[in-house]
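A short write-up of the structure that comes next.
Every heavy atom of this structure was used, including side-chain atoms; hydrogens, water molecules and symmetry mates were not. Chain letters run A, B, ... following the sequence lines, proteins first, then strands; residues in each count from 1.
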Protein chains: 2
Amino acid sequence: MLPSTLFSRAAAIGHGTAAETICNALRSAISENMLPAGQALPQAELANGFGVSIIPVREALKRLEAEGFVTSPPNRGAMVLGMNEADIEEYSRIRALLEEQAAADGVRNMTRVQLAQVEDAYEAFVEGVAAADGQRRSGALNRAFHNAIYVAAGRPRLFEMIDDLHTRLDRYIRGHLVIEGRKEVTDREHKAILDACRARDADLCARLTREHILEAAAISIEVMRRPKKKADRARSIRG
Amino acid sequence: MLPSTLFSRAAAIGHGTAAETICNALRSAISENMLPAGQALPQAELANGFGVSIIPVREALKRLEAEGFVTSPPNRGAMVLGMNEADIEEYSRIRALLEEQAAADGVRNMTRVQLAQVEDAYEAFVEGVAAADGQRRSGALNRAFHNAIYVAAGRPRLFEMIDDLHTRLDRYIRGHLVIEGRKEVTDREHKAILDACRARDADLCARLTREHILEAAAISIEVMRRPKKKADRARSIRG
DNA sequence: CTCATTCACATCGTCGATAATATAACATCT
DNA sequence: AGATGTTATATTATCGACGATGTGAATGAG
């Protein structure tokens, strides 16, 4: 059964074609872990929930399949695609490679106003995670900080690929800030990256960015392994 | 008007759903430069040509849109998406980054049989381009040689991304071997890369791979600029 | 009791037809 | 004449219905 919250946000996005709206709603739902890996996505149910026919649903699923969020074997129905540890690690290493490059080029080409925007994004992150709903917004704020550096690189295609990768990995790395003590570490690392931007040290910024990403990935994988017990317990309670 | 050769190959692929068949036919047609950038893709005409209704055509186009081969603004029809020089250069640099990594990891993890496969692929390329239809097959053979190294890296996701990038760039870099004297240079570079594999020198192989890609990209961009005159002349003759 | 076979069911894939939207050609007004 | 509003047309986006395909339960044989 699909969560009812999935359908409510479709009305809010409302723009463009129905297929587009559904595609975006599903993508963000998957990306935000509202739909777990393996979740079945029956066309009829989706069509009913969104109040449309199955045609736009099919097109949305086709697109999401191409983007790597769902798989839909012919005649067997679509389901949310999950990653295993190896995938997460591999994608994270690719992210490290690309973002390292974007960070270096970003620092090299950064104007004064762009540096100011990076500083603003840094402040926004610090204040944001300290706020009441900080846990929920921390992901977006973290992303905004790094993106502020990458846009300075002036590489729209590289930026796109980084953004895509981040969207695909989000549901796995989301929440790695919640772990005790991580907030301070992340803050320290962001500060170091910001200082590297100020000092116009492209190589340092690249190296710090790389380590920042690989560390976050390692922690996320570790966290992913840990709560297995809780799931098993929940299942044994239910069964 | 769409080229009639486009539709003939659909029957050959035949497997799976109609949408899939059409998607593959269009992708390879675009990738092989049969459909130039800016070419309009009217749903009705495609449906007629492939002998199906417009529904599978729409789904194929949606997928190709996600993959970056076509754009389809709402209610305005799909067209083949083209890249400008900046895009080609940017994507080529990303390719260099990723393939450099894949080459290094490939050499580090390469087994004896994998090395033998790389050697076979090298031989196949040399013999293939010398053959009668060498010009047509050179792209696939070149790709097979490099891929033989990358598979040894044991990184399926990285491999996927490299393959996707190559497919998207193919129509622009295809034919850069045709230029006078390039065949020998490419052969020499491949030989050097192969020797680096034999010597298990990962860093050297990575560096050579990087240079190989960036050089090919630079040449392709240069070629892309050159024949502008011919196009202008053709236009002036027609007008 | 286990395994293979058959058949009914559920879901997906495709079709023809209709509604919605953008492009253009045209008439109208200043 | 130039700009603007309007209609005609072509194309896309969507719908409801039908046919195709895979899944799982019931049945029978070994």
Side-chain angles (χ1 to χ4, degrees), chain A residues 1-3 6-7 10-27 30 35 37-81, chain B residues 1-3 6-7 9-27 30 35 37-67 69-81:
Chain A
M1 184 58 68
L2 264 29
L6 170 63
F7 306 118
I13 314 176
H15 307 37
T17 70
E20 225 170 305
T21 305
I22 294 167
C23 183
N24 291 332
L26 282 175
R27 178 171 35 230
I30 293 170
L35 299 174
Q39 166 79 312
L41 300 171
Q43 299 177 353
E45 194 174 343
L46 289 170
N48 248 301
F50 286 112
V52 298
S53 119
I54 57 174
I55 302 275
V57 171
R58 287 178 58 76
E59 292 181 4
L61 290 174
K62 259 286 179 303
R63 166 137 206 174
L64 290 172
E65 189 186 354
E67 292 179 10
F69 288 101
V70 310
T71 95
S72 64
N75 296 313
R76 273 202 287 167
M79 61 163 49
V80 177
L81 189 55
Chain B
M1 186 56 69
L2 264 29
L6 169 63
F7 305 119
R9 63 173 57 189
I13 314 176
H15 308 32
T17 71
E20 224 170 307
T21 305
I22 294 167
C23 183
N24 291 334
L26 281 175
R27 180 172 32 232
I30 293 170
L35 299 174
Q39 167 76 269
L41 300 171
Q43 300 177 355
E45 194 174 341
L46 289 169
N48 246 302
F50 286 113
V52 298
S53 125
I54 55 175
I55 302 273
V57 171
R58 287 179 57 75
E59 291 182 4
L61 290 174
K62 259 287 178 301
R63 165 138 207 173
L64 290 172
E65 190 186 354
E67 291 180 11
F69 288 101
V70 309
T71 69
S72 64
N75 297 311
R76 272 201 287 168
M79 60 162 50
V80 177
L81 190 55

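- Nearest to the side chain of B:Pro42, among C:dA22, D:dT12, D:dT21, sits D:dT12.
- Per the geometry, CZ belonging to A:Arg58 stands 9 Å off P belonging to C:dC12, to the nearest Å.
- With DNA chain D read from its 5' end, the first of the two nearest nucleotides for A:Ile54 and A:Ala19 is the one closest to A:Ala19.
- Between B:Leu46 and B:Leu6, the closest side-chain pair of non-hydrogen atoms falls below 4.5 Å.
- Straight-line distance from the NZ atom of A:Lys62 to the C1' atom of C:dG13: 9 Å, rounded to whole Å.
- Distance A:Glu59 CD to C:dG13 C1': 13 Å, rounded to the nearest Å.
- Here the shortest heavy-atom pairing between A:Glu65 and A:Ser72 reads OE1-OG, 3.0 Å.
- OP1 and OP2 of C:dA10 both lie 4.0 Å or more from every side-chain N or O belonging to A:Gln43.
- As a whole-Å value, the separation of A:Leu61 CG from C:dT11 P is 15 Å.
- Taking 4.5 Å as the limit, every side-chain heavy atom of B:Leu41 sits out of range of all side-chain heavy atoms of B:Val57.
- Straight-line distance from the CG atom of A:Leu46 to the P atom of D:dT14: 15 Å, rounded to whole Å.
- Considering only side-chain atoms of A:Asn75, the nucleotide from D:dG22, D:dT12, D:dG16 that sits closest is D:dG22.
- In terms of heavy-atom proximity, B:Arg27 sits nearest to B:Phe69 at CD-CE1, 3.6 Å.
- Nearest-nucleotide mapping onto DNA chain D: of B:Leu41 and A:Ser53, the residue sitting toward the 5' end is B:Leu41.
- To the nearest angstrom, C1' of C:dG13 lies 12 Å from CD1 of B:Ile22.
- Taking atom CE of residue B:Met79 and atom P of nucleotide C:dA22, one finds them 16 Å apart after rounding to whole Å.
- In terms of heavy-atom proximity, A:Gln43 sits nearest to A:Leu61 at CG-CD1, 4.2 Å.
- Rounded to whole Å, atom P of C:dA10 lies 15 Å from atom CD of A:Glu45.
- Mapping A:Arg76 and A:Ile55 onto DNA chain C by nearest heavy atom places A:Arg76 closer to the 5' end of the strand.
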